[in-house]
Amino acid sequence: MSIIIHEGLRAYIDPLTEHEYAALERSILTEGCRDALVLWGEVLIDGHNRYAICQRHNIPFKTIQNDHFKDIEDVQLWMIDNHLARRSVSDFQRGMLALRKKEIISMRIKAQDESDTSGNEETDVAIPVVKPTQSRQEIARVAGISSNAVLQIEKIQRAAAPELVQAVRDGTISISAAAAVATLPSDEQAAAVAGGRKELQQAAKQVREKIREQKSPAKMNKVPESQEMENPPDTANGAMDQVSESVILQQRIKALQAENAALIEKITQLNAALSAATTTN
């Protein structure tokens with residue numbers, strides 16, 4: 001039968017690594033193509049690597065039809081959910097897939113809203129209402145990763161050079177480190193990738209140290225208004241070093257202890273006076 005390869009769909013899902021592809025090829029050569037390819041009409045929607053291997057080695061394969069899709073977006077959503085269900089998918093791939101799902105659903109909701117407000121006559125075929133996954137927490141739940149990882153993947157998606165994205169996909173650099181390196185100019189990102197794993201780790205370390213250095217002066221320069229009144233600008237330098245938080249707490253504790261002792265003494269005196277008055281009566 002004729003099988004059509006939709007380039008947009010084939011490029012939609014991250015390809016296997018060289019090691020993963022070689023392992024799949026060995027398995028098919030040894031055991032044959034055990035899993036059927038999934039088609040939407042004549043369009044291949046699942047099994048692109050298996051199909052390529054079977055074609056190269058003239059190995060027979062089976063196909064099954066999935067005709068429940070209305071359009072190509074339905075196919076994309078199905079492919080995303082299908083890949084997210086696989087344990088072999090990396091956290092980075094999971095995050096990227098979940099973000100792609102968000103984009104598709106958001107565009108679908110926007111198109112539906114525009115259609116509802118356009119005043120056009122209703123059609124017989126209603127567009128299905130799908131709840132958009134807008135929040136970072138929801139995206140993390142769909143992907144099976146943390147919200148912080150989603151935030152870092154968004155940074156990579158927004159600012160990372162192609163070389164850096166590929167390094168994350170290959171596992172050369174972690175998601176958190178890649179998010180740090182992605183803040184550098186594209187040429188510096190590419191240079192770090194070319195230098196290998198150690199160079200990438202060093203670049204991420206330098207970015208993090210620079211961020212910490214930028215944050216530290218801001219914290220030190222933030223002085224309470226009451227302290228600013230007590231310490232004029234010309235004598236306020238070093239005030240935060242001279243009066244530490246621990247000293248302030250100790251002074252507060254001593255003051256409270258003194259107040260407590262005074263209250264106890266006053267209660268004792270009142271009890272003595274009350275006792276004397278009772279005896280007199």
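Starting from 1, each residue takes its place in the sequence as its number.
- For H57 (side chain) and I59 (main-chain N/O), no donor-acceptor pair under 3.5 Å exists by modelled atom type.
- Without hydrogens or angle criteria, T30 side chain to S27 main chain gives no donor-acceptor distance under 3.5 Å.
- Checking side-chain atoms of D71 against main-chain N and O of E73 turns up a donor-acceptor pair under 3.5 Å.
- E103 and S106 form no side-chain donor-acceptor contact under 3.5 Å, judged by distance and modelled atom types alone.
- The 12-atom threshold is exceeded at CD of E31, counting heavy atoms of other residues, nucleotides or ligands nearer than 6.0 Å.
- Judged by distance alone, the side chain of R94 and the main-chain N or O of I145 form no donor-acceptor pair under 3.5 Å.
- Using a cutoff of 4.0 Å between basic side-chain nitrogens and carboxylate oxygens, D81 and K101 are scored as salt-bridged.
- The main-chain N or O of V193 is never found under 3.5 Å from a side-chain atom of E199 such that the two would form a donor-acceptor pair.
- Between the side chain of R50 and the backbone N or O of D35, at least one donor-acceptor pair lies under 3.5 Å.
- The distance from atom CZ of R100 to atom CD1 of I80, rounded to the nearest 0.5 Å, is 7.5 Å.
- Of the charged side-chain nitrogens involved, at least one lies within less than 4.0 Å of a carboxylate oxygen, so that R86 and D46 count as a salt-bridged pair.
- The backbone N or O of S135 sits nowhere less than 3.5 Å from a side-chain atom of E138 that would complete a donor-acceptor pair.
- Between the N82 side chain and the W78 main chain, no donor and acceptor come within less than 3.5 Å of each other.
- Between the side chain of Q189 and the backbone N or O of L184, at least one donor-acceptor pair lies under 3.5 Å.
- Other residues, nucleotides and ligands contribute at most 12 non-hydrogen atoms within 6.0 Å of the CZ atom of R34.
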